[in-house]
Amino acid sequence: MLATFNTVMQEHLKRIKNKEIFQHYLGKDIQNKLISLIAKEITKHILQLLKNAKYYSIILDCTPDITLIEQMTIIVRFVSIKEGESPTAEPELCIDEKFLGFIQILSSTGEGLTEAILSELEKLKIPVGDMRGQGYDNGSNLKGKHQSVQKRILDLNPRAFYIPCSAHTLNLVVNDAAMSCWDAASFFSIVQKIYVFLSGSTVRWNVLKKHIGRLTLKPLSDTRWPSRIDAIRPFRFQVGEIFDSLSEILRENSHTAMAQSDAECLSKELNNFTFLCLIVLWYNILNRINFVSKQSRSMYLPDVVDILKSTTTFLENYRSDKGVEDLEAKNLSLEMEIDPVFPPFVRQI
């Protein structure tokens, strides 16, 4: 197959068939051997860079693979000095992050993970005493105060300071904030239900494509909350078109009774001023948070601090009466042809 598109492979296969060469290197065993040799050379090169830098930090994360074997990624982060292009040019300081491989984890306790890390560092001849930082997520086995990985490594090297993963921390904050509010939890549930309903059939998806323009529906991300902005953006700018798609499915008898019933329920949820307010509210919040979470590592620290302060001020203002008044949900209500009023509060017995 490769020879069909690659002239080099084509020539190689021709020489094999004509018995011009006998060592063809196409067997799985020799190819795995070649890959292994290349990996060893790459690791050797990374370790030499690390040795030149001396001090380093480690970044770790665990995840099960497709065979449900728990594996831990090990990454080293260090500062390297690159010479200038000309003899007179000043050397350039670069932050390098290098992936060293996967470690199979037999015990996910703090003790088991620490032993696996120390064993791998010893095998690679990386001194623990030169470690200056640890970066993990917020799992108790990694960040706990007493028996976790960071505590055990700190006991061995007090200078290996632990810094929790900022992206994971931000994700937890947004998740807990949203799930503590019934309206927010209900809103995201409806957004996901609409995507699942329309994407569950090619016929229904074609109805949607007929109505919407450049933005298409996307599923909610379970792991990265800020990226949920991609799922909400079509609702923010095309909620009328999505409503029209559901209305057409409800009207057309070519769809099943079950599909029409689901379309009716979902269209009622859309045709609600509270839902429209939540679209604008969460779009603005996640749009701002997503911008913060995607900042480049090459940014200067004062710039990052200014962005964080600006985002904090934005969220504080959003909690005020003025912030609620500035919501642009009334424009959406005009597009949906509904009154911009909240449904009456029903007192629970």
Side-chain angles (χ1 to χ4, degrees), residues 57-66 70-75 77 95 97 99 102 105 108 110 113 117 133-145 148-151 161-196 217-236 278-299 301 303-319 323:
S57 297
I58 56 170
I59 303 172
L60 308 172
D61 197 10
C62 296
T63 184
D65 64 11
I66 196 170
E70 187 78 5
Q71 295 199 77
M72 180 168 64
T73 59
I74 179 165
I75 296 169
R77 179 183 171 98
I95 299 173
E97 289 183 358
F99 171 71
F102 292 104
I105 299 300
S108 58
L113 292 174
I117 294 164
Q134 308 174 64
Y136 321 129
D137 63 24
N138 292 271
S140 59
N141 56 346
L142 292 168
K143 69 164 281 188
K145 292 183 178 180
S148 67
V149 173
Q150 67 96 9
K151 178 64 170 63
F161 297 110
Y162 166 68
I163 300 175
C165 173
S166 299
H168 189 253
T169 304
L170 178 64
N171 198 58
L172 291 177
V173 168
V174 180
N175 177 70
D176 291 349
M179 291 300 103
S180 66
C181 172
W182 185 91
D183 284 326
S186 175
F187 166 73
F188 285 110
S189 175
I190 293 166
V191 169
Q192 182 68 1
K193 284 177 182 177
I194 291 173
Y195 169 78
V196 170
L217 297 188
K218 291 182 171 62
L220 295 176
S221 170
D222 292 327
T223 53
R224 293 194 174 272
W225 262 82
S227 65
R228 290 193 171 201
I229 186 69
D230 296 328
I232 298 175
R233 188 176 288 111
F235 287 87
R236 174 66 182 87
L278 287 168
I279 289 175
V280 179
L281 178 77
W282 277 105
Y283 175 79
N284 292 342
I285 291 174
L286 291 180
N287 194 43
R288 197 61 178 258
I289 292 175
N290 194 46
F291 171 74
V292 173
S293 69
K294 288 186 174 180
Q295 291 310 301
S296 169
R297 69 179 183 182
S298 62
M299 284 188 70
L301 189 58
D303 296 334
V304 176
V305 172
D306 289 341
I307 291 172
L308 290 174
K309 286 181 178 178
S310 171
T311 304
T312 304
T313 304
F314 167 80
L315 293 173
E316 288 172 347
N317 292 337
Y318 227 39
R319 296 183 63 175

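No experiment lies behind these values; they were computed from the predicted model shown.
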Legend entry - Short side-chain to backbone donor-acceptor contact, S189 and A185, under 3.5 Å: no
Legend entry - Residue pair L113 / C62, side-chain heavy-atom distance below 4.5 Å: yes
Inset, instruction - Taking all non-hydrogen atoms of both residues into account, name the closest pair between K218 and Y195 and its distance. - result: C-CD1, 3.7 Å
Inset, instruction - Take I95 and R77 through the side chain to side chain contact (heavy atoms under 4.5 Å, CB included) test and state the conclusion after the steps. - result: CA-CA 7 Å; I95 299 173; R77 179 183 171 98; 3.6 Å; yes
Legend entry - N317 side-chain N/O to T313 backbone N/O, donor-acceptor pair under 3.5 Å: yes
Legend entry - Donor-acceptor contact below 3.5 Å, side chain T312 vs main chain L308: yes
Inset, instruction - Dump the intermediate steps for side chain to side chain contact (heavy atoms under 4.5 Å, CB included) on V292 and V304, then the final yes or no. - result: CA-CA 8 Å; V292 173; V304 176; over 6 Å; no
Legend entry - Any donor-acceptor pair under 3.5 Å from S186 side chain to W182 backbone: no
Inset, instruction - With R228 as the cation and F188 as the aromatic partner, state whether NZ or CZ is under 6.0 Å from the six-membered ring centre and within 45° of the axis. - result: yes
Inset, instruction - Indicate whether any N or O donor in one side chain lies under 3.5 Å from an N or O acceptor in the other, for Q134 and Y136. - result: yes
Legend entry - Flag side-chain contact, heavy atom, 4.5 Å: N138 against T169: yes
Inset, instruction - Assess the side chains of N141 and S108: does a donor N or O sit below 3.5 Å from an acceptor N or O? - result: no
Inset, instruction - Just do the side chain to side chain contact (heavy atoms under 4.5 Å, CB included) check on N284 and F314 with the steps written out, would you? - result: CA-CA 10 Å; N284 292 342; F314 167 80; 4.2 Å; yes
Legend entry - From CD (E97) to OG (S57), nearest 0.5 Å: 9.5 Å
Legend entry - Separation between CG of N287 and CZ of R236, rounded to the nearest 0.5 Å: 10.0 Å
Legend entry - Heavy-atom side-chain proximity of Y162 to L142 below 4.5 angstrom: no
